[in-house]
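Lettering follows sequence order; numbering is per chain, from 1.
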Protein chains: 2
Amino acid sequence: MRLTTKGRYAVTAMLDLALHYDDGPITLADISQRQGISLSYLEQLFSRLRKRGLVDSTRGPGGGYRLSRNAHEIAVADVITAVDEKVETTRCGGLANCQDDQQCLTHELWSELSQQIYDFLCGISLGNLVERQGVQEVAARQRGQASSVSLSSRTTEESL
Amino acid sequence: MRLTTKGRYAVTAMLDLALHYDDGPITLADISQRQGISLSYLEQLFSRLRKRGLVDSTRGPGGGYRLSRNAHEIAVADVITAVDEKVETTRCGGLANCQDDQQCLTHELWSELSQQIYDFLCGISLGNLVERQGVQEVAARQRGQASSVSLSSRTTEESL
DNA sequence: ACAAGCCCGAGTAAAATAGTCAACTATTAA
DNA sequence: TTAATAGTTGACTATTTTACTCGGGCTTGT
């Protein structure tokens with residue numbers, strides 16, 4: 001299946017956006033610092049998120065990103081499929097041509113698993129996550145430490 | 001998450017073993033031909049399956065592999081975890097040290113997903129699969145075509 | 001004008017995957 | 001006792017994917 005750091009980062013970043021929804025447009029630099037994701041990589045991810053209509057962007061100073069709709073209307077599955085191509089466990093990508101142009105012995109199994117995963121991720125929205133105790137705790141911690149480490153050469157601060 | 005062709009091949013091969021349980025020990029060459037998996041690769045996989053006690057082996061002519069216990073007592077999850085290391089979706093491998101030695105914002109989510117997947121794969125045994133209509137059909141097809149294509153340089157037949 | 005910030009595409013190093021190969025050892029049939 | 005069958009092991013390798021970086025644009029507020 002396709003569930004990599006790309007998808008994980010995207011969900012984390014989107015959740016960050018959800019948590020700071022009231023603060024107006026959020027810059028990628030902010031997310032980068034809070035979540036420890038490189039700015040360049042975030043740009044790449046948000047390009048896709050924007051194309052899929054999950055976020056709106058504002059350019060220029062004071063600009064940034066914000067969720068395009070209510071956090072409860074954005075499922076984790078939406079975010080992942082926006083950046084990764086698929087949530088699929090079959091080799092053939094659901095085409096059932098796995099073996100000599102015919103369905104392999106375990107095709108059905110992987111199809112079901114894919115569906116299972118997809119359903120699970122569809123059932124959880126960013127809004128759900130925001131409400132969670134655990135998430136709140138981590139978010140509070142992140143507010144505490146004023147973004148100590150800078151990892152990207154492109155972060156705003158010239159700490160080197 | 002870790003769900004690759006390695007795991008898929010292993011399940012397919014084990015299912016083949018389950019389907020041909022009554023035929024006595026099954027050689028890897030047989031599985032290779034029926035399922036289109038290279039012999040060398042199967043060797044690697046079965047080495048692990050044996051170490052995990054999922055199959056018993058007999059050496060020498062007439063030898064081969066067989067399931068170590070009833071197909072209903074072997075879950076798909078057992079097979080996958082035997083060859084792949086983990087069924088885990090978190091980056092940190094469940095250690096919760098994802099960000100600065102502390103749990104990242106989405107750690108909980110991926111943990112739950114992992115559990116979800118694991119539960120699903122635990123709930124399905126090789127025995128369950130054998131009983132399925134779809135699997136029966138594919139198995140019948142495989143019996144029909146007397147293993148037309150040989151893909152490995154190491155297959156027994158000297159068809160070249 | 002200029003700086004903040006988004007936008008975009010190409011390029012790349014490292015890691016993981018999917019597999020190969022060769023040289024064993026054990027067992028059985030002839 | 002010899003030859004053939006089949007499992008056993010471990011090292012090695014090509015390919016693919018991942019996870020990025022880089023450099024340059026374009027927009028817009030001040």
Seminar exercise, completed: Angle separating the five-pair end axes of the helix from C:dA1-D:dT30 to C:dA30-D:dT1, nearest 10°, is 10°
Distance below 4.0 Å between [X] side-chain N/O and [N] OP1 or OP2:
X       : N      : result
B:Arg50 : D:dT9  : yes
B:Thr5  : C:dT17 : no
B:Ser47 : D:dG7  : no
A:Tyr9  : D:dC20 : yes

Give the rounded distance in Å between these two atoms: [atom1] of [X] and [atom2] of [N].
X       : N      : atom1 : atom2 : answer
B:Glu43 : C:dA18 : CD    : C1'   : 15 Å
A:Asp84 : D:dC20 : CG    : P     : 13 Å
B:Tyr41 : D:dT9  : OH    : P     : 18 Å
A:Leu45 : D:dC20 : CG    : P     : 10 Å
A:Ile37 : D:dT21 : CD1   : C1'   : 16 Å
B:Ile31 : D:dA6  : CD1   : P     : 12 Å
A:Gln44 : C:dA10 : CD    : P     : 12 Å
B:Leu42 : C:dT20 : CG    : P     : 10 Å

For this session: Please confirm whether the backbone N or O of A:Val138 pairs with a side-chain atom of A:Arg143, one donor and one acceptor, at under 3.5 Å?
Result: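 No; zero donor-acceptor contacts below 3.5 Å.
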Between the side chains of [Y] and [X], is the shortest nitrogen-to-carboxylate-oxygen separation below 4.0 Å, so that they form an ion pair?
X        : Y        : result
B:Arg132 : A:Glu112 : yes
A:Asp84  : A:Lys6   : no
B:Asp56  : B:Arg66  : no

Exercise. Base, sugar-phosphate, or nothing for B:Ile26, non-hydrogen atoms under 4.0 angstrom?
Worked result: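 Sugar-phosphate, no base atom in range.
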Exercise. At under 4.0 Å between heavy atoms, what does B:Tyr65 touch on the DNA or RNA strands: base, sugar-phosphate, or nothing?
Worked result: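 Here B:Tyr65 touches the backbone only, sparing every base.
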Exercise. Between B:Ile37 and B:Ser32, is any pair of side-chain heavy atoms under 4.5 Å apart?
Worked result: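 They are not in contact (no side-chain heavy atoms under 4.5 Å apart), so the answer is no.
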Exercise. Would you say B:Arg52 and B:Val79 make side-chain contact, with heavy atoms under 4.5 Å?
Worked result: no
For this session: Classify the angle between the aromatic ring planes of A:Phe46 and A:Tyr65 as parallel (below 30°), tilted (30 to 60°) or perpendicular (above 60°).
Result: tilted
Problem set entry | A:Ile80 to A:Gly7 - nearest heavy-atom pair and separation | CG1-O, 4.3 Å
Exercise. How does protein contact run along nucleotides 25-30 of chain C, one letter per nucleotide 5' to 3', with B for base contact, S for sugar-phosphate only, - for none, heavy atoms under 4.0 Å?
Worked result: BBBB--
Problem set entry | Test log, rule side chain to side chain donor-acceptor pair (under 3.5 Å), inputs B:Gln142 and B:Gln35 | CA-CA 8 Å; B:Gln142 290 178 344; B:Gln35 307 307 333; 2.9 Å; yes
For this session: Map A:Gly62 and A:Lys51 onto DNA chain C by nearest heavy atom, then report which one ends up closer to the 5' terminus.
Result: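 Its nearest nucleotide lies further toward 5', so the answer is A:Gly62.
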Problem set entry | B:Ser114-B:Trp110 side chain donor-acceptor pair, cut-off 3.5 Å | no
